[in-house]
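All remarks here apply to the structure that follows.
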Amino acid sequence: MIKCVVWDIDNTLLDGTYLESAEPPPPDPRLLGVLRELADRGIVHALASKNPAAAAEHVRAVTGARFAAAECGWAAKSAAIGRIMADLGLVQAEVAFVDDDLFERAEVAAALPGVLVLSPEDAAEAAQWPQFSPAVLTAEGSRRGELYEQRRVRDQAARAYRGSRDDFLRYAQTSVRIGLAGPAELARLHELSVRTHQLNSSGQPVTEAAFAGLLGSAGHLVATVRLADRFGDDGLVGAAVVERGQASWQVPLLMMSCRALGRGVLDALLGWLCRAAAQAGAATVRVQCLVTERNVPLRLALAAAGFRAADPAAQPAVFVRQLTGAPPALPDWVDGPAAP
């Protein structure tokens with residue numbers, strides 16, 4: 001699935017050339033319709049153009065669209081797209097690039113062979129292609145453009161803030177709410193299982209029906225995590241599936257949106273799991289994690305939370321936390337239920 005479309009500006013999103021027009025040109029009505037339709041499907045947009053930064057501001061103004069990133073300058077567009085992918089946590093197969101210039105399309109295709117490279121004529125038809133049609137779309141998913149815009153404002157505030165990360169999270173009025181999943185959240189849980197990669201322990205999609213079966217199982221619980229702060233409400237951003245044993249809690253699935261990275265949310269969920277398991281009398285929490293190149297951030301978070309791989313060479317690996325001594329403390333911005 002394509003998660004982000006990176007657009008050229010001149011003779012692509014704009015019906016003309018920004019620097020060569022007496023008046024800044026209007027948007028191309030056909031591609032503006034495509035942009036809006038894809039945004040409604042939860043696909044985010046970015047700009048990569050050989051123009052001054054003012055061109056991106058003009059595009060924002062005349063389209064009314066939200067762009068998760070904008071790279072304006074005169075270097076290679078493949079480098080600009082690479083920075084956008086790094087900023088948004090994407091891989092090449094999740095990105096499409098639209099440009100009217102054959103040379104620019106060829107340069108990006110050669111440097112980033114996994115990116116889907118399109119002409120404006122291709123892009124006009126792309127809304128009908130399966131790569132741009134997510135099988136499930138929830139309220140959180142349809143707001144991705146808005147959420148990335150909030151993230152940009154939050155990141156700017158974080159860079160300007162003089163203090164620790166925890167102090168900034170308090171300043172931002174961070175609120176992490178852990179709860180037990182209900183039927184109304186099944187679609188979002190399925191969507192997270194499909195779309196998360198950096199913070200996903202299983203790497204496999206889970207159907208709504210499978211989640212529904214877990215909700216009705218006496219031996220399982222599904223914990224959800226909601227995130228909000230003064231910059232906006234991210235909604236349901238993560239979850240953990242737990243098999244509750246007397247001696248150990250097994251976690252076959254731990255997943256979280258990359259929007260939660262660096263905001264203390266994964267740490268809070270892992271801390272709550274350890275506290276709840278200890279209160280229930282378990283001696284260990286064991287997280288099963290398929291080791292992939294993409295989920296390095298998840299494995300780093302597990303290590304920081306005191307989990308250690310029982311057999312580092314195993315695939316999937318099992319990360320174990322012994323529940324001896326005092327349980328991990330939860331920050332004051334975290335609200336979670338008692339052990340079920």
Side-chain angles (χ1 to χ4, degrees), residues 1-14 18 27 31-32 34-36 38-39 41-61 63-101 103-120 122-123 126 131-132 134 141 143-156 158-159 195-199 234 257-262 293-294 296-297:
M1 294 298 302
I2 297 299
K3 293 185 177 182
C4 176
V5 180
V6 181
W7 298 87
D8 174 42
I9 290 180
D10 293 331
N11 298 307
T12 303
L13 272 185
L14 293 185
Y18 179 79
L31 294 183
L32 178 58
V34 173
L35 183 149
R36 288 173 173 170
L38 296 183
R41 299 180 188 179
I43 295 172
V44 300
H45 298 286
L47 298 171
S49 176
K50 291 183 176 177
N51 262 308
E57 294 306 315
H58 172 68
V59 171
R60 286 191 174 100
T63 63
R66 291 184 168 97
F67 293 94
E71 289 282 341
C72 289
W74 280 265
K77 288 192 178 177
S78 59
I81 295 171
R83 290 191 293 271
I84 290 169
M85 289 192 300
D87 182 39
L88 302 183
L90 300 171
V91 296
Q92 293 183 30
E94 296 169 335
V95 177
F97 170 62
V98 185
D99 199 306
D100 69 300
D101 190 294
F103 172 82
E104 301 290 3
R105 297 200 302 270
E107 188 273 329
V108 171
L112 303 171
V115 170
L116 178 62
V117 176
L118 306 174
S119 68
D122 295 329
Q131 302 99 307
F132 297 88
R143 294 175 54 233
R144 284 193 184 92
E146 173 189 348
L147 294 171
Y148 273 110
E149 189 172 34
Q150 292 171 2
R151 169 181 148 172
R152 183 170 60 251
V153 175
R154 181 184 297 107
D155 288 348
Q156 289 172 350
R159 287 192 292 270
R195 296 188 66 95
T196 54
H197 300 285
Q198 294 184 72
L199 302 175
D234 289 82
S257 168
C258 64
R259 294 195 307 273
L261 272 171
E293 291 183 358
R294 297 203 62 188
V296 170

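The side-chain heavy atoms of R259 and R154, taken from C-beta on, include no pair separated by under 4.5 Å. You'll find the side chain of L199 stays beyond 4.5 Å of the side chain of S257, heavy atoms only. Using a 4.5 Å cut-off on side-chain heavy atoms (C-beta onward), P27 and L13 make no contact. Between I2 and V95, the closest side-chain pair of non-hydrogen atoms is not below 4.5 Å. Using a 4.5 Å heavy-atom threshold, the side chains of V5 and F132 count as touching. A 4.5 Å side-chain heavy-atom check between R60 and R66 finds every atom pair outside the cut-off. The shortest distance between side-chain heavy atoms of L32 and R36 falls below 4.5 Å.
In E293, the CD atom is not crowded: 12 or fewer heavy atoms of neighbouring residues, nucleotides or ligands sit closer than 6.0 Å.
Rounding to the nearest 0.5 angstrom, the gap separating the NE2 atom in H197 from the SG atom in C258 is 9.5 Å. One distance of note links OH of Y148 with CG of D155; it measures 11.5 Å at 0.5 Å rounding. Separation of atoms CG (N11) and OH (Y18) is listed at 14.5 Å; rounding is to 0.5 Å. If you take CG on L47 and OG1 on T63, they are separated by 8.0 Å, rounding to the nearest 0.5 Å. Between the CH2 atom of W7 and the CG atom of L35 there is a distance of 5.5 Å, given to the nearest 0.5 Å. Atom CG of L14 sits about 6.0 Å away from atom CD1 of I9, to the nearest 0.5 Å.
Under the rule for a side chain to side chain contact (heavy atoms under 4.5 Å, CB included), the partners of V91 that lie at least two apart in sequence or sit in another chain are E94, R294. Every residue was checked against the salt bridge (Lys or Arg N to Asp or Glu O under 4.0 Å) condition with R195, not counting sequence neighbours, and none meets it.
Side chain of R105 to main chain of V98: no donor-acceptor pair is present (N/O by atom type, distance under 3.5 Å, no hydrogens or angles). A donor-acceptor pair is defined here as one N or O able to donate and one able to accept, closer than 3.5 Å; no such pair exists between the side chain of R41 and the backbone of P134.
Here the shortest heavy-atom pairing between P120 and D100 reads CD-CA, 3.6 Å. Taking both residues in full, the closest heavy atoms of L90 and C4 are given as CD1-CB, 3.5 Å, listed atom of the first, atom of the second, then distance. For the residue pair A123 and V34, the shortest heavy atom distance occurs at O-CG1, 3.5 Å.
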Less than 3.5 Å apart, which donor and acceptor atoms pair up between the side chains of residues 73-88 and the rest of the protein, not counting sequence neighbours?
unit_1: K77; atom_1: NZ; unit_2: D8; atom_2: OD1; d: 2.9
unit_1: K77; atom_1: NZ; unit_2: D99; atom_2: OD2; d: 2.5
unit_1: S78; atom_1: OG; unit_2: E107; atom_2: OE2; d: 2.5
unit_1: R83; atom_1: NE; unit_2: E71; atom_2: OE1; d: 3.0
unit_1: R83; atom_1: NH2; unit_2: E71; atom_2: OE1; d: 3.1
unit_1: D87; atom_1: OD1; unit_2: R151; atom_2: NH2; d: 3.4

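Between F67 and H45, the two ring planes are perpendicular [angle over 60°; tilted spans 30° to 60°].
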